[in-house]
Amino acid sequence: MKIKSQMFWAIFFSLVFFTTSGFTVVGHRGDPIKYPEETIQADNSAFNSGADYVELDLQLSKDGVLVISHDDDLYRVTHTHAIVSQNDFKTLKQLRYDNGEHVMSLNELFKHYKNRPNTKFVLETKIDHSINPTYELEDKIAQVVKEYHMENRIMIHSFSAASLFHLRELMPHAYLILIVGSLRRINFSILPQVNAVNASSDIVQEHPFLIHWLHKLHKQLYVWAEMDESPALWHWLINRNVDGVVTNFPATGFKYKLAKSGTKKYAINRSGIYFGKTKTATMMNPYVRIKEKKFVYPGQKINVTYGVRVDDRLYYQIAEKTFISAEFVNLDLRKQDIAPYQNKKIMAKPDTKVALYSYPDNQAKTNKLLPTNKLFKIQNFNGSPKNMWLYTKLGWAKANQILFYGFFNKQAFKDYKKLPRVSHYTNLALLTYNPNSQIKEQTFSEKQKAINRIIY
């Protein structure tokens, strides 16, 4: 009788999601391309970029606290070796991400967002029950979710069927998703216990029948992939009846969600800064784009109320009947984030093909490359501190793919040193340009030693 009741609720909530959720965009670990993953800053960025949910990984500390972390060892994200399960949370909380935030617990996350009902989360259980037979992780998740009354604001997914089975017992009404990297993992012993499957894009492309098959069983299908520079994949997915994506690029996911729904205008309500070097005229209508005799000036703060997509370009509404191209308007960068790079030049890294973009967007890649052995002045900026875009007379380039040129005096390095860690690009050209010889690529440690010699 208990099993029948659980199956009833599982099917019931599947049908509820079918009729209410539409195409769902899940920010994988927040917005990890723009900000350090699984931080409040990354989560806020994902929600601001249009994500319906933010996906987070959960592990247990030595003293039984639910820690938000994908890796067992926190070195990759905090630059300090610390195994989550071998340390108390008090110790782990001392570790900092590049943006200055500390390692966070699920309790702290829920407390931070408790009064923002539109923020929702997908929680992943990072556990292998063939190694760890206990269910302390799942028990703690159920406890914390109920304590903060987040039952209607979370979904839980996992590679572990055992983890999901146990959670179904603890929370009969929870929305559970099985993550699969192989078609063989989808079977009829597991499907009755879950509401959806989260499959890799490779599986879905290879077996497109999976979409219809799962829907026929009243199950949803989410697709995960990095999906950064593949417009073809995004177009393929958006034209299939998948229920959502789990992506490192929530803004791109939201863009395709709008395309799928036919929506062109959406609310933003955020403040930004116009980073253009010269004044630019506004327009009354982004569809006609006739320029007015009203201007926005360099460094001017503006309030962006709406975004409008026209011909795959984005325009911001900054007042009634007043629009401006979003290309040079920054919602995530501040003046201090770009100050040390402001008057510098760039050049292509040796033996590196640096792609040029017509717009600061992964989907706007052109067939052109930044010429080698040639300097280009940085004319503008966009993106975020961790994922900065640089504008040259030839187009946009990614800051992590070039060499910054011009850090040749102590003052320049002092300004550079003032940057927060998240804004530190180590791809600096430390030798003056000689057109007759190539600059030798340096390792990170070599660059740091050279930087330290100049500063100290």
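What you see below is based on every heavy atom in this structure, not just the backbone, and it leaves out hydrogens, waters and symmetry mates. Note that the coordinates shown come from a computational prediction; the quantities given were computed from them, not determined experimentally.
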Who are the side chain to side chain donor-acceptor pair (under 3.5 Å) partners of D88, not counting sequence neighbours? none
Pair Y341, F404 - check side chain to side chain contact (heavy atoms under 4.5 Å, CB included), show working. CA-CA 8 Å; Y341 307 108; F404 285 98; 3.6 Å; yes
Could I get the full list of side chain to side chain donor-acceptor pair (under 3.5 Å) partners for R153, not counting sequence neighbours? T119
Residue K377 excluded, over 12 heavy atoms near NZ under 6.0 Å: no
Option among I141, V144, T125 that satisfies the side-chain contact (heavy atoms from CB on, under 4.5 Å) test with L58: I141
Going by an N to O cut-off under 4.0 Å, is there a salt bridge joining D43 and R29? no
Tabulate below the donor-acceptor pairs under 3.5 Å that side-chain atoms of residues 261-273 make, not counting sequence neighbours, or state none.
from	atom 1	to	atom 2	distance (Å)
S261	OG	K257	O	3.2
S261	OG	L258	O	3.1
S261	OG	T263	N	3.4
S261	OG	T263	OG1	2.9
K265	NZ	Q317	OE1	3.2
R270	NH2	L331	O	3.2
R270	NH2	D332	OD1	3.4

Taking the cut-offs as 6.0 angstrom to the six-membered ring centre and 45 degrees off its axis, would you call K279 and F295 a cation-pi pair? yes
Aromatic centroids of Y416 and F407 separated by under 6.0 Å: yes
Would you say the ring centers of Y274 and Y297 fall short of 6.0 Å from each other? no
Do L370 and I402 touch side chain to side chain, with heavy atoms closer than 4.5 Å? yes
What I want to check is whether the side chains of K140 and N107 have a donor and an acceptor closer together than 3.5 Å. no
Would the distance check show the side chain of R309 and the main-chain N or O of R313 forming a donor-acceptor pair, the cut-off being under 3.5 Å? no
Rounded to the nearest 0.5 Å, how far apart are OG of S61 and CD of Q86? 12.0 Å
Roughly how far, to the nearest 0.5 Å, is NZ of K398 from CE of M388? 14.0 Å
Test side chain to side chain contact (heavy atoms under 4.5 Å, CB included) applied to T392 and I346, step by step: CA-CA 9 Å; T392 72; I346 66 171; 3.6 Å; yes
So do the side chains of I156 and M171 get within less than 4.5 Å of each other, counting heavy atoms only? yes
Quick one: does K219's side chain have a donor or acceptor within less than 3.5 Å of a partner on L191's backbone? yes
Counting only heavy atoms from other residues, nucleotides and ligands, does the tally under 6.0 Å from CZ of F159 exceed 12? yes
E108 meets the salt bridge (charged side-chain N to carboxylate O under 4.0 Å, His left out) criterion, sequence neighbours left out, with K93
So do F323 and I318 actually touch side chain to side chain, heavy atoms under 4.5 Å? no
Determine whether more than 12 heavy atoms belonging to other residues, nucleotides or ligands lie under 6.0 Å from atom CD of E320. no
Check: T39 side chain, A42 main-chain N or O, donor-acceptor pair, under 3.5 Å: yes
Donor-acceptor under 3.5 Å (E55 side chain, G30 main chain): no
CD on Q363 to NZ on K365, rounded to 0.5 Å: 11.0 Å
Verdict with supporting geometry, Y256 and H235, side chain to side chain contact (heavy atoms under 4.5 Å, CB included): CA-CA 8 Å; Y256 280 92; H235 282 293; 3.5 Å; yes
Enclosure of K277 NZ (heavy-atom neighbours >12, cutoff 6.0 Å): yes
Applying the side-chain contact (heavy atoms from CB on, under 4.5 Å) criterion to F23, which one of N241, D243, V245, L237 satisfies it? V245
Any chance NZ of K255 has more than 12 other-residue heavy atoms, nucleotides or ligands included, within less than 6.0 Å? yes
What is the distance from atom NZ of K386 to atom CG of D31, rounded to the nearest 0.5 Å? 9.0 Å
Heavy-atom distance under 4.5 Å between the side chains of V65 and L60, does that happen here? no
Look only at the side chain of Y35 and the backbone of V422, and say whether a donor-acceptor pair between them is shorter than 3.5 Å. no
Apply side chain to side chain contact (heavy atoms under 4.5 Å, CB included) to F328 and F381, showing your working. CA-CA 7 Å; F328 298 132; F381 301 80; over 6 Å; no
List in chain and number order the residues that pass salt bridge (charged side-chain N to carboxylate O under 4.0 Å, His left out) with D139, two or more places apart in sequence or in another chain; answer none if no residue qualifies. none
Ring-plane angle category for Y391 and W396, please: parallel below 30°, perpendicular beyond 60°, tilted otherwise. tilted
In the structure I gave you, are the side-chain heavy atoms of I68 and L109 within less than 4.5 Å of one another anywhere? yes
Side-chain contact test, heavy atoms from C-beta onward, threshold under 4.5 Å: evaluate it for Q59 versus D72 and give yes or no. yes
Taking D73 for its side chain and A82 for its backbone only, find out whether a donor-acceptor pair lies under 3.5 Å. yes
Test your reading of the model: is there a side-chain donor-acceptor pair from E138 to the backbone of L164, 3.5 Å cut-off? no
With a 4.5 Å limit on heavy-atom distance, are the side chains of M283 and I324 in contact? no
How far does CG of L137 sit from CG of L167, to the nearest 0.5 angstrom? 8.0 Å
N409 and Q411 side chains, donor-acceptor separation under 3.5 Å: no
Nearest heavy-atom approach of V25 to G50 is CB-O, 4.3 Å
Y135 vs H166 aromatic rings, parallel, tilted or perpendicular, using cut-offs 30° and 60°? parallel
Pairwise distance CD(Q94) to NE2(H102) - rounded to 0.5 angstrom: 9.0 Å
Give a yes or no on whether a salt bridge exists between R76 and E37, defined as a side-chain N under 4.0 angstrom from a carboxylate O. yes
Would N195 and H218 count as having a side-chain donor-acceptor pair, cut-off 3.5 Å? no
By salt bridge (charged side-chain N to carboxylate O under 4.0 Å, His left out), K126 pairs with (sequence neighbours left out) E124
Is a donor from one side chain sitting under 3.5 angstrom from an acceptor on the other, for S130 and D128? yes
Side chain S49, main chain S45, donor-acceptor under 3.5 Å: yes
So, does N132 use its side chain to make a donor-acceptor pair with the main chain of H129 at under 3.5 Å? no
Can you tell if the side chain of T80 reaches within under 4.5 Å of the side chain of L74, non-hydrogen atoms only? no
Are the side chain of D415 and the backbone N or O of A339 linked by a donor-acceptor pair below 3.5 Å? no
Between Y175 and Q220, is there a side-chain donor-acceptor contact under 3.5 Å, judged purely by atom types and distance? yes
Check whether the ring centres of Y113 and F121 lie less than 6.0 Å apart, and answer yes or no. yes
